[in-house]
Q: 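One structure, pasted below without further comment.
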Amino acid sequence: CFDCRRRRSTQTCQHPDLTRLAHESQFSVNEVEALHELFKKLSCSIIDDGLIHKEELRLALFQAPNLFLDRVFDLFDEKKNGVIEFEEFIHVLTVFHPSAPIQEKIDFAFRLYDLRQTGFIEREEVHQMVAAILKESDMLLSDELLTMIIDKTFADADSDKDGKISKEEWRVYVLEHPSLLKNMTLPYLKDVTTAFPSFIFNTEVED
Amino acid sequence: KFFNAFEFISSMSSGFDLSSLFESK
């Protein structure tokens with residue numbers, strides 16, 4: 001229908017957008033084009049409307065538990081309109097680029113773990129995430145042991161002992177434990193044009 | 001091995017691991 005075509009045409013990533021997105025991110029124009037190939041594939045897996053819906057993200061992330069899926073989706077969905085647009089997709093993926101500043105990765109990881117978006121990582125949130133993973137993995141852990149693990153973690157990270165981890169406490173803690181950021185870098189992004197060579201058929205520029 | 005809750009979450013959570021986006025390509 002005409003409305004669908006008009007809506008789709010406004011979502012098509014034209015050359016100026018590609019250039020702007022490349023300027024705003026760690027990606028070259030060709031890499032943004034290659035990521036657009038990935039975006040198109042993800043965004044048509046259930047509803048072919050050029051937008052990633054939550055169920056499409058769930059499908060791509062192999063049926064992750066709701067707790068994590070909701071948080072990841074919220075971080076992608078900057079406009080809070082219930083869908084992920086290509087621009088929002090690039091804004092998140094650039095944080096995961098191997099060359100992205102470490103502070104951006106630290107901030108993003110903080111936002112992931114701050115499930116209730118209170119500006120702090122609280123004990124209940126950590127408990128909730130660990131319990132969800134235990135359930136996901138069919139692992140059994142006594143409440144006593146789980147409490148001990150969380151107590152030990154907060155004893156290390158919560159330096160002012162107010163029962164919650166602030167952004168600054170998180171920054172200091174992560175810099176002491178850099179392995180916590182390993183999921184925040186996706187090596188694929190360094191070679192994305194090779195991973196999605198089909199962008200060449202639609203490319204508008206040569207890098 | 002997992003005496004740190006965040007270590008446990010980042011090692012075990014598939015939900016926060018965006019590499020699956022590329023693996024599904």
Side-chain angles (χ1 to χ4, degrees), chain A residues 37-39 41-42 45 57-72 89 92-93 96 109 112-113 121 123 126-127 129-130 132-134 136-137 139 141 146 148-154 156-157 165 170 173-174 177 179-184 186-189 192 195-196, chain B:
Chain A
E37 295 297 310
L38 170 65
F39 181 85
K41 182 179 177 294
L42 297 174
S45 62
L57 187 68
R58 185 199 303 277
L59 198 63
L61 293 179
F62 303 126
Q63 313 284 335
N66 284 336
L67 172 69
F68 299 107
L69 181 77
D70 286 348
R71 194 69 203 111
V72 170
F89 188 67
V92 167
L93 287 190
F96 288 80
L112 269 177
Y113 295 140
I121 301 173
R123 285 183 64 93
V126 179
H127 186 284
M129 288 184 278
V130 174
I133 293 166
L134 289 170
E136 178 191 3
S137 321
M139 289 170 70
L141 199 67
L146 180 52
M148 276 175 63
I149 290 172
I150 293 172
D151 284 349
K152 171 73 170 68
T153 303
F154 272 73
D156 292 343
I165 299 168
W170 174 250
Y173 183 67
V174 167
H177 301 82
S179 64
L180 296 181
L181 290 181
K182 68 175 188 291
N183 282 355
M184 294 304 305
L186 297 172
Y188 299 90
L189 292 174
V192 76
F196 300 95
Chain B
K1 186 183 176 185
F2 293 123
F3 212 66
N4 176 311
F6 292 112
E7 194 79 51
F8 179 79
I9 294 166
S10 66
S11 301
M12 299 291 290
S13 169
S14 60
F16 284 167
D17 181 7
L18 295 189
S19 62
S20 334
L21 292 178
F22 299 88
E23 285 159 14
S24 66
K25 75 186 176 68

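Chain naming here is simple, since letters A, B, ... match the order of the sequence lines and numbering starts at 1 in each.
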Q: How close do A:L38 and B:L21 get, counting heavy atoms only, and between which atoms?
A: CD1-O, 3.7 Å
Q: Between A:L146 and chain B, with a heavy-atom cut-off of 4.5 Å, which part of the residue counts as in contact: side chain, backbone, both or neither?
A: neither
Q: For a quick test of reading the model, state the closest non-hydrogen atom pair linking A:S179 to B:S10 and the distance between them.
A: O-OG, 4.5 Å
Q: Would you please name every residue forming a ring-ring contact (aromatic ring centres under 6.0 Å, His included) with A:F96, sequence neighbours left out?
A: A:F108
Q: Can you say whether A:I165 sits under 4.5 Å from chain B via the side chain, the backbone, both, or neither, judging by heavy atoms?
A: side chain
Q: Answer with side chain, backbone, both or neither: which region of A:H127 has an atom nearer than 4.5 Å to a non-hydrogen atom of chain B?
A: neither
Q: With distance as the sole test, does A:N183 use its side chain to make a donor-acceptor pair with the main-chain N or O of B:D17 at under 3.5 Å?
A: no
Q: For the residue pair B:N4 and A:I149, what are the closest heavy atoms and their distance?
A: C-CG2, 4.3 Å
Q: Run the side chain to side chain donor-acceptor pair (under 3.5 Å) test against A:D156 and tell me which residues pass, sequence neighbours left out.
A: A:K152
Q: As an exercise, state the distance from CD of B:E7 to OG1 of A:T153, rounded to the nearest 0.5 Å.
A: 9.5 Å
Q: Checking heavy atoms, do the side chain of A:L186, its backbone, both or neither come under 4.5 Å from chain B?
A: side chain
Q: Measure across A:L180 and B:F6 and return the closest heavy-atom pair with its distance rounded to 0.1 Å.
A: CD2-C, 3.5 Å
Q: Against chain B, label A:V92 side chain, backbone, both or neither, depending on which of its atoms sit under 4.5 Å from a heavy atom there.
A: side chain
Q: For A:L181, is it the side chain, the backbone, both, or neither that has a heavy atom closer than 4.5 Å to a heavy atom of chain B?
A: neither
Q: Go through the atoms of A:F154 and report whether side chain, backbone, both or neither lie under 4.5 Å from a heavy atom of chain B.
A: neither
